[in-house]
Amino acid sequence: MGVTTFCDEYTSPIAPSRIFKASIVDSHNLIPKLLPQAIKNIEITQGDGGAGSIKQINFAEGSPLKCVKYRVEKLDEKTLTYCYTLVEGDALAEKLEKITYEVKLEETGDGGSISKVTSKYYTAGEFSLKEEEVKAGKERVLGMYKAVEAFLIQNPDAYV
């Protein structure tokens with residue numbers, strides 16, 4: 001098994017606590033409403049949404065993916081830190097054993113936020129992962145992030 005690591009940063013004019021609450025803590029409610037063409041629903045299949053919980057994302061009809069399951073490893077609203085592991089689903093296929101994500105939101109000097117994301121792809125067997133193979137997944141995640149950001153800009157009293 002090999003491990004390929006990517007580190008990405010995204011900036012937003014939205015305060016980190018609002019982005020965290022909307023895109024992480026309440027993602028199972030908000031994301032399907034904002035992106036019904038992409039996400040049918042997000043179910044908490046085990047736990048209460050916090051550490052140890054299992055969530056399943058069911059994608060909309062016509063999507064190249066059907067569903068994925070992930071385990072919440074850490075959800076800390078004080079430090080705005082979120083860690084989770086993709087453990088099952090179409091995104092893994094036979095090429096990946098798992099994918100882990102660590103998300104940390106920090107405040108910028110202008111009241112906005114910076115989201116620091118570290119993703120680790122654990123490959124199965126001798127498979128070697130290339131960055132361009134991960135690009136589509138990163139673009140989907142960024143699209144969700146931007147949809148939440150747009151919602152929060154349009155609704156300044158939401159998730160305060």
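Given the structure is predicted, the values throughout are model-derived calculations rather than measurements. We're numbering straight along the sequence, starting at 1.
- For the ring pair (Phe, Tyr, Trp, His ring centres under 6.0 Å) condition, the pairs that include at least one residue of residues 92-116, sequence neighbours left out, are Tyr84-Tyr101.
- Annotation: the span from Gln56 atom CD to Lys40 atom NZ amounts to 10.0 Å, rounded to 0.5 Å.
- Scored by the salt bridge (Lys or Arg N to Asp or Glu O under 4.0 Å) test, Glu106 finds Lys116 as partners (sequence neighbours excluded).
- Put simply, Ile153 and Leu105 are part of the same group of oily side chains (I, L, V, M, F, W, Y) that touch within less than 4.5 Å, one to the next.
- Proximity of Asp48 to Ser53: side-chain heavy atoms (C-beta onward) are separated by under 4.5 Å at one or more points.
- The closest side-chain heavy-atom distance from Thr5 to Thr118 is below 4.5 Å.
- The side-chain heavy atoms of Lys55 and Ile57, taken from C-beta on, include no pair separated by under 4.5 Å.
- In this structure, Glu43 has no salt bridge (Lys or Arg N to Asp or Glu O under 4.0 Å) partners at least two apart in sequence or on a different chain.
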Ignoring hydrogens and angles, write down the donor-acceptor pairs under 3.5 Å from the side chains of residues 140-151, residues two or more places apart or on other chains.
unit_1: Glu149; atom_1: OE2; unit_2: Ser12; atom_2: OG; d: 2.7

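- Between Lys74 and Thr81 there is a side-chain heavy-atom pair separated by less than 4.5 Å.
- Here the closest heavy-atom approach between residue Ser113 and residue Ile14 is recorded as OG-O, 2.9 Å.
- At distances below 3.5 Å, at least one donor-acceptor pair connects side-chain atoms of Asp76 with backbone N or O atoms of Lys78.
- Nearest heavy-atom pair, Phe20 versus Leu80, reported as atom, atom and distance to 0.1 Å: CE1-C, 3.4 Å.
- Both Leu86 and Phe6 are part of a single hydrophobic cluster, where members link through side-chain heavy atoms under 4.5 Å apart.
- Applying the ring pair (Phe, Tyr, Trp, His ring centres under 6.0 Å) test to every pair with at least one member in residues 44-67, sequence neighbours left out, gives no pairs at all.
- Here the shortest heavy-atom pairing between Ala51 and Glu73 reads CB-O, 3.6 Å.
- One finds no salt bridge joining Lys104 and Glu102 here, because no Lys/Arg side-chain nitrogen approaches an Asp/Glu carboxylate oxygen to under 4.0 Å.
- Leu96 and Val87 fall into different hydrophobic clusters, where Ile, Leu, Val, Met, Phe, Trp and Tyr are joined by side-chain heavy atoms under 4.5 Å apart, directly or via other members.
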With a cut-off of 3.5 Å and sequence neighbours excluded, list every side-chain donor-acceptor pair involving residues 22-31.
unit_1: Ser23; atom_1: OG; unit_2: Ile19; atom_2: O; d: 2.6
unit_1: Asp26; atom_1: OD1; unit_2: Asn29; atom_2: ND2; d: 2.6
unit_1: Asp26; atom_1: OD2; unit_2: Tyr159; atom_2: OH; d: 2.5
unit_1: Ser27; atom_1: OG; unit_2: Ile24; atom_2: O; d: 3.2

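- Distance OG1/Thr85 to NZ/Lys69: 15.0 Å, rounded to 0.5 Å.
- By the rule that hydrophobic residues join a cluster once side-chain heavy atoms approach within less than 4.5 Å of another member, Tyr70 and Leu92 end up as members of one cluster.
- Transitive grouping of hydrophobic side chains (ILVMFWY, heavy atoms separated by less than 4.5 Å) brings Leu65 and Tyr121 into a common cluster.
- Within the 4.5 Å cutoff, the side chain of Pro32 has heavy atoms near those of the Ile42 side chain.
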